[in-house]
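Owing to the predicted nature of the structure, the values given are computational and were not obtained by experimental measurement. Residue numbers start at 1 and run along the sequence shown.
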Amino acid sequence: MMKRFILMTSVFALMFMAFSGCELTDKSEIKIISPESGTFINNTQDVVAIINSPSKTIIVNGNEVDGGKNIEVNVGTADGLGTIKAEIPGDSLFAFRSFIQGSIIEPETQIQDSITITLGNDTIDGGEGNTVAYLVKWLLENENLEPWINNPLQMDVQVMMTTVTVDININEAISDDVTVSITNDQGALQMTASLLNVEGTYTGTAATINSTGTFHYDYINITGDLQINSQMEIELVNTEVETSEVVLEDSGPLDSYLATLGGLFDDEVPTAIADAAANATESIFNTLISSVSPELALEFENNPVVQTSTTENVAVTADGISITYGTVFRPETAVEYIAGSGILERAAVSPEGSTNISTAIGSRFFNQISFAAWAGNNLDRSYSQGQLENMGMSELDFPYSNLDGVDISLLLPPLLEWKSDGPYLMVGGIEIYLRVSGTDNATAWTAAEIPVKLEESDGGYIMNVDDSREYIIHDAGFNKMSTLVDHDKVRKIMRSAIPGIIDDVFGSLPLIGINEVEINRYSEDGIFTFTPEIKTVSTGDNAWNVIFDFTGVYSK
């Protein structure tokens, strides 16, 4: 009876200590001094970790080395996310640290070759509908082309032995039927435009002359080469114009000078109309080039990310027109960047060949916006125990069943990396702070490699965890932990929620979009609203390949 009483007393005493905050707690005796938490290492040299331990022998990344105070251990190099696990043999608490190593670009630097978009050949000229060629037709057909004529035109006539200079002003020049073709011959673009039934009116004035008339061409045919100029704009050059014979009717004194007037209309007017066709073609191409910069947008309530895109290169290839952009991403509200932090540089990617609009989204682009989101403090989260359980965390044992909540901080920006089986989010510097009633709060550090995929959602695409592939959650190093629990079990349970946390941070955010573009008619009312719509998304070796349809609406 006495033994039973003593046993019960001991149990009650243990429970009392747990709930009163006096519960015994194991504290980690091994510490990683360097590299510090949240470290960026801007080189490719071996990383030397500095570790403190009371033990004569420690294990660092699986290798046994001598322990002691300020021990230097070479942990090699990391191309991207690096991790260090330091432990004392037989001790269930260990130290964990992660860092980013590589070529680190300073924040808010414009990164060249950030992303490339290709206007494929079917987008340029794929028949009637939503193509550049059809847009040129739409701009020219039934449109008064007078603004491109350098009024007044002039001609000299003899009136009563006196040479008189007559000003000819073209008031109207309209074609009711236009066909446009833009062909690509292995990277050489040529445009052909045929304007049929070109009709217009003119006035002729001089000191002694006041005349009006009409003109008519059965056709005006224009050909030229589309080339890139030094300002990275499309120009129509080497233009040739062929016309039918002009038919003139004058209601005034110039009726006697139709031969002279005809010479003017053989040259000046067709040239001016060719200028109008060139301007329409150049305007559409250059509006698309300057406006259709692809966006990878993560919109946060706390501090949205602002993107600036700059056209860096335009080239005509056999696949169409290739446009390369440099980009800068920054938090909308200015922040003070952590010393040494920056964007991990990755190689540029090119879109796979497509006859439509295509682009490729890879690490070079994603890492910029991920860093800006991280620098703007958008990636930290707090969760209740119930929320974590909904994300996949199993039920915790006492005393962590008294969990009030968990604060998750990312000490490093997530990186998008590509392995042989597809893309992964490499999430380092995961700091987990456990707020527990009745016992000491604890902090853990870990890292994760989470497979991700793009999934269609509400007409767009978002990034989600890819449950069909294995994810890696590194061991979590706690600074301290209750003696009443299985430490490994707590680690496993806490780590089970990390994929859900990653989904929560990134899974509801739109990832792909291209700017909407509006093109206006010249003198008449009319707008073409160009809204690229995603046609397909596929996973390549180093990027997501995205193909858009050239869709839009014509309105008057």
Point to revise | Polar contact flag, side-chain donor to acceptor under 3.5 angstrom, Thr324-Asn313 | key: no

Practice item. Count the heavy atoms belonging to other residues, nucleotides or ligands that lie under 6.0 Å from CD of Glu455, then report whether that count exceeds 12. Key: yes

Review point. Going by atom types only, do Asp250 and Tyr202 share a side-chain donor-acceptor pair under 3.5 Å?
Key: yes

Review point. Taking atom types as modelled and ignoring hydrogens, do the side chains of Asn221 and Ser194 form a donor-acceptor contact shorter than 3.5 angstrom?
Key: yes

Review point. Is a side-chain N or O of Asn378 found less than 3.5 angstrom from the main chain of Ala373, in a donor-acceptor match?
Key: yes

Review point. Which pair of non-hydrogen atoms, one from Ala133 and one from Val180, has the smallest distance, and what is that distance?
Key: O-CB, 3.6 Å

Check your understanding: Going from CD on Glu470 to CD1 on Ile450, what distance comes out if it is rounded to the nearest 0.5 angstrom?
Key -> 11.0 Å

**Study point:** Check: Val198 and Leu145 side chains under 4.5 Å, non-hydrogen atoms
**Key:** no

Review point. Taking all atoms of both residues into account, what is the closest heavy-atom pair of Thr311 and Met232, and its distance?
Key: O-CE, 3.3 Å

Check your understanding: Are the side chain of Asn303 and the backbone N or O of Ala372 linked by a donor-acceptor pair below 3.5 Å?
Key -> no

Check your understanding: Of all heavy-atom pairs between Val269 and Tyr217, which one has the smallest distance, and what is that distance?
Key -> CB-OH, 3.6 Å

Review point. Will you find, in the side chains of Glu146 and Asn171, an N or O donor that is under 3.5 Å from an N or O acceptor?
Key: no

Point to revise | side chain to side chain contact (heavy atoms under 4.5 Å, CB included) partner of Ile100, the single match among Ile41, Asn42, Leu415, Ile343 | key: Leu415

Review point. Under 6.0 Å from the CD atom of Glu172, do we count more than 12 heavy atoms belonging to anything else shown?
Key: yes

**Study point:** Validation row: Gln101, Thr77 side chains within 4.5 angstrom (heavy atoms)
**Key:** yes

Point to revise | Non-hydrogen side-chain atoms of Tyr325 and Ser114 separated by less than 4.5 Å | key: no

Revision key, fill the gap. Heavy-atom nearest pair, Leu140 first then Ala276, reads CD2-O, 3.9 Å

Check your understanding: Does the side-chain contact (heavy atoms from CB on, under 4.5 Å) test come out yes or no for Arg364 and Ile111, once each step is laid out?
Key -> CA-CA 9 Å; Arg364 189 178 184 86; Ile111 296 181; 3.7 Å; yes

Check your understanding: Any ion pair linking Asp467 and Lys453 (charged N to carboxylate O, less than 4.0 Å)?
Key -> no

Check your understanding: Quick one: does Ser244's side chain have a donor or acceptor within less than 3.5 Å of a partner on Tyr219's backbone?
Key -> yes

Practice item. With rounding to the nearest 0.5 Å, note down the distance linking CG in Leu379 to CG in Leu410. Key: 5.5 Å

Check your understanding: Do Ser322 side-chain atoms and Ala315 backbone N/O form a donor-acceptor pair below 3.5 Å?
Key -> no

Exercise for review: May I ask you to test the Pro351-Thr116 pair for a side-chain heavy-atom distance under 4.5 Å?
Suggested key: yes

Check your understanding: Would the number of heavy atoms belonging to other residues, nucleotides or ligands and lying under 6.0 Å from CD of Glu199 be above 12?
Key -> yes

Check your understanding: Hey, does the Lys NZ or Arg CZ of Arg469 hover above the aromatic six-ring of Tyr424, less than 6.0 Å from the centre and inside 45° of the axis?
Key -> yes

Exercise for review: Among Trp374, Phe371, Phe365, find the residue that satisfies the ring pair (Phe, Tyr, Trp, His ring centres under 6.0 Å) test when tested with Phe329.
Suggested key: Phe365

Check your understanding: When you check the side-chain N and O atoms of Thr192 and Gln190, is any donor under 3.5 Å from an acceptor?
Key -> no

Check your understanding: OG1 of Thr203 to CG of Asn151: how many Å apart, nearest 0.5 Å?
Key -> 8.0 Å

**Study point:** Donor-acceptor under 3.5 Å (Asn356 side chain, Ile547 main chain)
**Key:** no

Practice item. State, to 0.1 Å, how close Phe215 and Thr201 come at their nearest heavy-atom pair, and which atoms those are. Key: CE2-N, 3.6 Å

Practice item. Would you sort out whether Ile519 and Ile527 count as a side-chain contact (heavy atoms from CB on, under 4.5 Å), showing the intermediate values? Key: CA-CA 6 Å; Ile519 295 174; Ile527 296 175; over 6 Å; no

Review point. Does a donor on one side chain and an acceptor on the other come within less than 3.5 Å for Thr165 and Asp156?
Key: yes

Exercise for review: For side-chain contact (heavy atoms from CB on, under 4.5 Å), just list the numbers for Phe285 and Ile182, CA-CA rounded to whole Å, side-chain angles, deciding distance to a tenth of an Å, and then say yes or no.
Suggested key: CA-CA 12 Å; Phe285 271 118; Ile182 302 174; 3.9 Å; yes

Review point. So do Glu312 and Asp113 actually touch side chain to side chain, heavy atoms under 4.5 Å?
Key: yes

Practice item. Taking atom types as modelled, find out whether Gln158 and Thr163 have a side-chain donor-acceptor pair closer than 3.5 angstrom. Key: yes

**Study point:** Intermediate values then yes/no, side-chain contact (heavy atoms from CB on, under 4.5 Å), Ile234 and Ile228
**Key:** CA-CA 5 Å; Ile234 295 286; Ile228 312 297; 3.1 Å; yes

Practice item. Report yes or no: do Asp225 and Asn238 form a side-chain donor-acceptor pair below 3.5 Å? Key: yes

Check your understanding: For Pro413, does its backbone N or O pair with a side-chain atom of Ser370 as donor and acceptor, under 3.5 Å?
Key -> no

Review point. Rounded to the nearest 0.5 Å, what separation is found between the CD atom of Glu449 and the OH atom of Tyr471?
Key: 13.5 Å

Check your understanding: Can you tell me if Asp167 uses its side chain to pair, donor with acceptor, with the backbone of Gln154 under 3.5 Å?
Key -> no

Review point. Can any side-chain N or O of Asn184 pair as donor or acceptor with the backbone N or O of Thr317 at less than 3.5 Å?
Key: yes

Check your understanding: How many angstroms lie between CG in Leu454 and CD1 in Ile361, if you round to the nearest 0.5 Å?
Key -> 7.0 Å

Review point. Is Ile170 close to Glu268 at the side-chain level, that is, under 4.5 Å between some pair of heavy atoms?
Key: no

Review point. Can you find a pair of side-chain heavy atoms, one from Ser354 and one from Thr118, that are under 4.5 Å apart?
Key: no

Practice item. Mind checking the OG1-CD spacing from Thr223 to Glu240? Nearest 0.5 Å is all I need. Key: 4.5 Å

Check your understanding: Considering only heavy atoms from C-beta outward, does the side chain of Leu344 approach that of Glu417 to under 4.5 Å?
Key -> yes

Review point. Within the distance-only criterion (no hydrogens, no angle test), does the side chain of Asn367 pair as donor or acceptor with the backbone N or O of Leu416 below 3.5 angstrom?
Key: yes

Exercise for review: List the atom of Ser309, the atom of Thr327, and the distance in Å for their closest heavy-atom pair.
Suggested key: OG-CG2, 3.6 Å

Check your understanding: Is it true that a side-chain atom of Glu282 and a backbone atom of Leu236 form a donor plus acceptor pair closer than 3.5 Å?
Key -> yes

